[in-house]
Protein chains: 2
Amino acid sequence: MRKIVVMLSMLGLLVGSSQAQPAFPFLIPEQAPNQPLSRAIKRNYTQYNSIRPESNELYSQFKYTKLKGFNYNDGDGTISRRDPSKVIFENGQYYVWYTYRHTKTPPIGDARKATATIASSDWDLGEIWYATSVDGFTWQEQGVAVPRQAKPALGWRAVTTTDILKWQGKYYLYYQAFSEISGLRGDDCPVALSYADSPDGPWTPYNKVIIDNGKPGEWDQYSVHDPYPLVHNGKIYIYYKSDFDQRKNIQPSIVRMQGLAIADNPFGPFVKHPLNPVINSGHETTLFPFKEGVAAFVIKDGTEKNTIQYAQDWVNFDVQAHVEMMPVAAGPYVPDAFTDTKDGRGITWGISHFTNAAVNWKANHSVLTRFDADLSRDVHDPNMKNHFIKYTPAQHYQYGLSEAQRKRIQQENKKLVKQVNE
Amino acid sequence: MRKIVVMLSMLGLLVGSSQAQPAFPFLIPEQAPNQPLSRAIKRNYTQYNSIRPESNELYSQFKYTKLKGFNYNDGDGTISRRDPSKVIFENGQYYVWYTYRHTKTPPIGDARKATATIASSDWDLGEIWYATSVDGFTWQEQGVAVPRQAKPALGWRAVTTTDILKWQGKYYLYYQAFSEISGLRGDDCPVALSYADSPDGPWTPYNKVIIDNGKPGEWDQYSVHDPYPLVHNGKIYIYYKSDFDQRKNIQPSIVRMQGLAIADNPFGPFVKHPLNPVINSGHETTLFPFKEGVAAFVIKDGTEKNTIQYAQDWVNFDVQAHVEMMPVAAGPYVPDAFTDTKDGRGITWGISHFTNAAVNWKANHSVLTRFDADLSRDVHDPNMKNHFIKYTPAQHYQYGLSEAQRKRIQQENKKLVKQVNE
């Protein structure tokens, strides 16, 4: 009988009395009640770790605070900091690495006009610099960690978008190594590596490609970006992003998804996971151990943007929370990133970037910022768990119709009114 | 063999060569390729109607435009307009109905201090007014459609949050009928009905409860809000919202979900669907026929807020799109709301409200606004389909840490630094 009720209901045919089964109760049961449920209510019990966002450990709002200690030359576009690494805590202080560009002029925006000193894009001619902080708000820039190398070594043109691994007491920076001006051939920059005994360096370049582009025809054949290492099951898990499906006549032509490569030691070989891509959306890689699994930010781009996802097996991700105003290119402080934990505790803050910091395109540069959240099992901050941001009317009206849209709408409307009057 | 690959992969055990199966292809196949896929990639083929948001007919950005023609007494809080109905097009013009409050003073914010002329909340002492427009941007307010009735008739205190049905050439306004000051007992206001031969009225009150609160212990025992009628399968489908699970010591104590009640004719009886609730999140009801099914906005509240969902059978909803800055309490123009279509075409615009229009809480009132989108199968506007809103740094910094949060973070940080230094 129950089967028939479900089938009829799914067909939308059942409009019988609500006596046929008990109504869903006023006090929401902790476990799914033993009665037919709509698909949405089933998801409450099967997909999400809580029916209430505010008690969902993977749900949070994000709060932003300006960082102190970084000079941007009055925002004239000659200094840029972007794509921060995870934050780690060593020697009584926090460390963050990031892409640093300091050029005489802002980026020219055209790879064909770039020179040895003029950057094509914001990250072109970038180096990996680092900063330290005791409180996470005020930072001391310490200078370069990984410079560009002499031509033609790997990464002679730019080294960018780094992330940190600590493994058996040593430190490893993975990054995108450009051996060509960014924009000439797309962003073709295999993953390279430098290593050190201390987070303060000195850093030794390994000078070999650590994760290369895929073979011709494979999803990651042209780009492997944003390497993001974590330690799991005694191995190094590097999540990364690729841009693929570049087709003519489709705007935007590129789809961004995320994959995984695994190795027994920092120098590889890294073996790409056979189920790649493992995340179907997002713009940058940001993950952290959570319980026995891993959680991922899915930022900005794609069908499942603005979600936080979870994979118990570190491979098969489900949406766990729908969030707003996510930190872009977030590099969180992940205390258990490298402890091979089976009981990940989550995160509460990190460094992210704004790529739209400039007053106009000519002064194009990026700035680092701090974000705070409650995605930790050890913190309980209800003020981080509001359901929504209440944007003001003025904020809404910043996103108005274009002239072309307004014209289209007026024409469609005239047609409608005319039809009726005829 | 394939089964074993999948099982091993799901356990995260398989790190073998990518030779074991072909890598996911660079050009994304239209149909799921015949090889093991990660759960995220499977969703691309099973859950969403497109792998790209920009070609997903149920994905859109929202653009906002101020409406012309409404007077708010300089925003002093004495005039409020909120909770618009669907927009319909009749007699060569658009019609919208809404909650209108015009009181000598702004709402007092405390039900115990409300009087016959002082409103407790923004919607208390509200009436249903309407306006017409030829272009959808400039409106002429036509005055009251459904006034409050003489005490003790149903809705003597306030009639609010209306929506329109056209059925066999006649017009029906469903609304929340308050027979008590809002806030005294929660928002206990069963669904009532007035009907007319013309959208210009006159409207005859039916004076009977059309959809009542649930029985004691049922999910909707205290409230049935936001009645939203559509026509499907020769019947009237009214979606509505309830607030339930009010528990002490849980903040917020209320969970909002949406249900469905169905009738053969406008006067009922409306039978609540046995699988209610059918939508597990959201703050107001906004739906429209889409293909053979129905699409729903899930606005503001709950686990699946900021999504657009779809139910082929009008009952079992799945997330179809993740969106931003949704119109609040949206009343879209739904050309095929009442045509019993099996080929719903979607929507492109409507009226929504801002409840935070006032400069301060003392002048509390709401304003109507216009929103535009491309959720129509007949419109193709790529400029409505950007993946994300690029909020400025300043917009981010509007959502900063509170003093209490900052103190908590500093304390946690001190503890961490101290541990290391000991």
Side-chain angles (χ1 to χ4, degrees), chain A residues 9-12 15 18 20-21 23-24 26-28 38-41 44 48 53 63-65 92 135 214 217-219 221 244-245 251 262 271-272 274-275 278-280 300-301 303 305-306 313-317 322 354 356-357 372 382 387-388 390 393 396-397 399-401 413 417 420-421, chain B residues 9-12 15 18 20-21 23-24 26-28 38-41 44 48 53 63-65 92 135 214 217-219 221 244-245 251 262 271-272 274-275 278-280 300-301 303 305-306 313-317 322 354 356-357 372 382 387-388 390 393 396-397 399-401 413 417 420-421:
Chain A
S9 309
M10 288 184 67
L11 290 167
V15 292
S18 60
Q21 67 166 77
F24 193 82
F26 181 79
L27 293 176
I28 297 177
S38 68
R39 210 136 82 202
I41 300 302
N44 274 345
Y48 303 108
K63 309 285 183 183
Y64 293 89
T65 309
D135 67 1
E218 296 184 349
W219 75 288
Q221 69 172 322
F244 63 118
D245 201 38
Q251 262 315 324
I262 301 173
V271 178
K272 293 177 182 176
L275 294 190
V278 298
I279 294 177
N280 67 19
K300 273 174 73 177
D301 269 326
T303 289
K305 64 115 186 273
N306 281 351
D313 64 1
W314 292 60
V315 172
N316 288 285
F317 286 84
H322 299 84
F354 296 131
N356 54 344
D372 284 89
H387 284 211
F388 53 89
K390 203 165 185 176
H396 283 83
Y397 290 131
Y399 307 100
L401 293 167
N413 187 65
V417 174
V420 172
N421 291 342
Chain B
S9 308
M10 290 185 66
L11 291 166
V15 293
S18 61
Q21 67 166 76
F24 193 81
F26 181 79
L27 293 176
I28 297 177
S38 67
R39 210 135 83 200
I41 299 302
N44 274 345
Y48 303 107
K63 308 285 181 183
Y64 294 89
T65 309
D135 68 1
E218 296 185 348
W219 75 288
Q221 69 172 322
F244 63 118
D245 202 37
Q251 261 316 324
I262 301 173
V271 178
K272 293 177 181 175
L275 294 190
V278 297
I279 294 177
N280 67 19
K300 274 173 72 177
D301 269 325
T303 289
K305 64 115 186 272
N306 280 351
D313 64 1
W314 292 60
V315 172
N316 288 285
F317 286 84
H322 299 83
F354 297 131
N356 54 344
D372 284 89
H387 283 212
F388 54 89
K390 203 165 186 177
H396 283 84
Y397 290 131
Y399 307 100
L401 293 167
N413 187 64
V417 174
V420 171
N421 292 342

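Note: hydrogens, waters and symmetry copies are ignored here, and every other heavy atom, side chains too, is used. In what follows, chains are A, B, ... by sequence order, proteins preceding strands, each numbered from 1. Because the structure is predicted, anything quoted here is derived from the model rather than measured.
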Would you find a donor on one side and an acceptor on the other, under 3.5 Å apart, between the side chain of [X] and the backbone of [Y]?
X: A:His322; Y: B:His322; answer: no
X: B:Asn280; Y: A:Ala40; answer: yes
X: A:Lys300; Y: A:Lys305; answer: no

Practice prompt. Would you mind telling me which of B:Gly217, B:Gly214, B:Pro393, B:Ala357 has the largest number of heavy-atom pairs within less than 4.5 Å of chain A?
Written response: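 Highest number of heavy-atom pairs under 4.5 Å: B:Pro393.
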Worksheet item: Which one, B:Phe244, B:Tyr397, B:Phe317, leads in non-hydrogen pairs under 4.5 Å with chain A?
Response: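 Greatest number of close heavy-atom pairs with chain A: B:Tyr397.
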Fill in: Residues B:Val271, B:Ile262; criterion side-chain contact (heavy atoms from CB on, under 4.5 Å); working and verdict
CA-CA 5 Å; B:Val271 178; B:Ile262 301 173; 5.6 Å; no
Item to complete: Determine whether B:Gln21 and A:Leu275 make a side-chain contact, defined as any pair of heavy atoms from C-beta on separated by less than 4.5 Å.
Response: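 Yes - at least one pair of side-chain heavy atoms lies under 4.5 Å apart.
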Worksheet entry | Student check: side-chain heavy atoms of A:Trp219 and B:Phe26 closer than 4.5 Å |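 In short, these two side chains do not touch, never coming nearer than 4.5 Å.
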Atom group of [X] that falls short of 4.5 Å from chain A, counting heavy atoms:
X: B:Asn306; result: side chain
X: B:Pro382; result: neither
X: B:Phe354; result: side chain
X: B:Leu401; result: both
X: B:Tyr399; result: both

